[in-house]
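Input: a single structure, listed below in structure tokens.
Start at 1 and go down the list; that is how both ligands and their atoms are numbered. What you see is a predicted model, and the numbers here were worked out from it, not measured in a lab.
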Amino acid sequence: MIRVPILMYHSISERPNPETKPLAVHPSAFAEQLSYLKERGFTPLTVADLVASVHRNNGRSLPERPVVVTFDDGYADFHSQALPVLERLGFPATVFLTSGWVRDAGKDAAGRPLDTMLTWSQAREAASCGIEIGGHSHSHPQLDQLPDDLLRQELRRNKALLEDKIGAPVATMAYPYGYSSGRVRREVRRAGYWAACAVSNAIAADRHDVLALPRLTVAEGTSMGMFSRAVEGSQVPLIYMRQRVLTKGYAVVRRTRYGLRRVRGLA
Ligand SMILES: [Zn+2]
């Protein structure tokens, strides 16, 4: 069986704002986590590389200890904090970018970015350093709550903008908040993505749907002990209980919002 830990990061910052803080990782903790991967002989690859390898020859060309490092949303601190560490270690990674949040999105601006985001030129620079740029919707909505036409727009506009601005094919994406449904995954495939990442805090294995690859949340409260046990594949469900609660927290917020919308007669 193929088992590949796919790590999910958000902001890498010393001073995250209250909204990004629960999922932010301190730059020194990030550097320590990545050095651990290097020392323990893990070989990082991008999500597209992972999927291509599994698709091409059932993963036989995968390195002995594969790991995938991903970043959601596209915070500017990816460029200032994460990229230098990745470059120093020679690690590729995948950044899932919300196109409407890009700092110089201009007329394409959409949604409400949670912090200072990457510019297009910073994203291009990252891509030129071996970073895969993947999709993360255009405005970061809960995709499973959208009607078909808006769902398609979110996926296709994001993919087209990224491909236009970065100048490379965009083959993978991650669901905002990790949410998907059969309908969402069908549209993701129709939009031309080969693979998509969810959250779910489990190690990805070949039994998983390539359109719902589970990832391990690395967050503010992730100690080195938790990190090492997670990537080594022992006790994952237990160690990640705190983050699982956090994931459930999103669901509660979502239900509440949905409830409110219904009360107002908008849903
Ligand atoms: Zn996100």
Side-chain angles (χ1 to χ4, degrees), residues 6-13 16-25 30 46-47 68-79 81-82 93-103 105 108-120 122-123 126 131-146 150-151 153-159 161-162 166 170 172-181 184-185 187-188 191 193 195-201 211-220 222 240 243-254 257:
I6 305 178
L7 303 171
M8 177 182 72
Y9 289 94
H10 284 76
S11 173
I12 307 295
S13 172
N17 70 39
E19 280 185 292
T20 57
K21 192 170 188 295
L23 288 171
V25 171
F30 175 73
T46 64
V47 178
V68 178
V69 183
T70 71
F71 300 82
D72 281 17
D73 303 337
Y75 297 101
D77 55 45
F78 172 79
H79 187 267
Q81 302 291 342
T94 299
V95 174
F96 294 115
L97 207 57
T98 293
S99 39
W101 284 12
V102 171
R103 204 186 329 166
D108 296 311
R112 189 181 64 87
L114 296 181
D115 205 338
T116 307
M117 308 309 288
L118 291 169
T119 62
W120 283 121
Q122 288 171 334
I131 303 300
E132 176 193 14
I133 305 294
H136 196 47
S137 79
H138 183 64
S139 71
H140 208 278
Q142 297 163 18
L143 293 173
D144 59 340
Q145 308 268 309
L146 296 181
L150 290 182
L151 168 61
Q153 246 181 59
E154 279 288 338
L155 298 171
R156 287 162 193 247
R157 191 172 181 194
N158 181 230
K159 191 169 187 293
L161 265 172
L162 294 180
I166 309 294
V170 171
T172 70
M173 61 90 64
Y175 303 107
Y177 314 99
Y179 296 140
S180 75
S181 63
V184 171
R185 291 192 288 276
E187 286 303 331
V188 161
Y193 289 105
C197 291
V199 180
S200 89
N201 292 319
L211 290 176
L213 293 169
R215 291 185 293 170
L216 302 164
T217 308
V218 189
E220 191 196 18
T222 307
Y240 276 86
Q243 276 84 5
R244 282 159 75 93
V245 171
L246 194 67
T247 313
K248 276 189 198 133
Y250 273 138
V252 171
V253 171
R254 188 161 78 129
R257 280 197 193 141

Nearest-0.5 Å distance, SG of residue Cys197 to NE2 of residue His136: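 Going from the SG atom of Cys197 to the NE2 atom of His136 covers 10.5 Å.
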Metal check, the Zn ion (ligand 1) vs His136 N/O/S, cut-off below 2.8 Å: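 A backbone or side-chain N, O or S atom of His136 is under 2.8 Å from the Zn ion (ligand 1).
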Donor-acceptor side-chain pairing of Arg215 and Thr70 below 3.5 angstrom: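 Judged by distance alone, the side chains do pair up.
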N/O/S atom name from Asp73 that is nearest to the position of the Zn ion (ligand 1):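 Nearest N/O/S atom: OD1.
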Of the N, O or S atoms in His140, the one nearest the Zn ion (ligand 1):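 Output for this pair reads NE2.
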Mutual orientation of the aromatic rings belonging to Tyr9 and Phe30 [parallel < 30°, tilted 30-60°, perpendicular > 60°]: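 Rings of Tyr9 and Phe30: perpendicular, as their planes differ by over 60°.
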Aromatic plane relationship, Phe78 with Phe71 - under 30° parallel, 30 to 60° tilted, over 60° perpendicular: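 Perpendicular, since the angle between the ring planes exceeds 60°.
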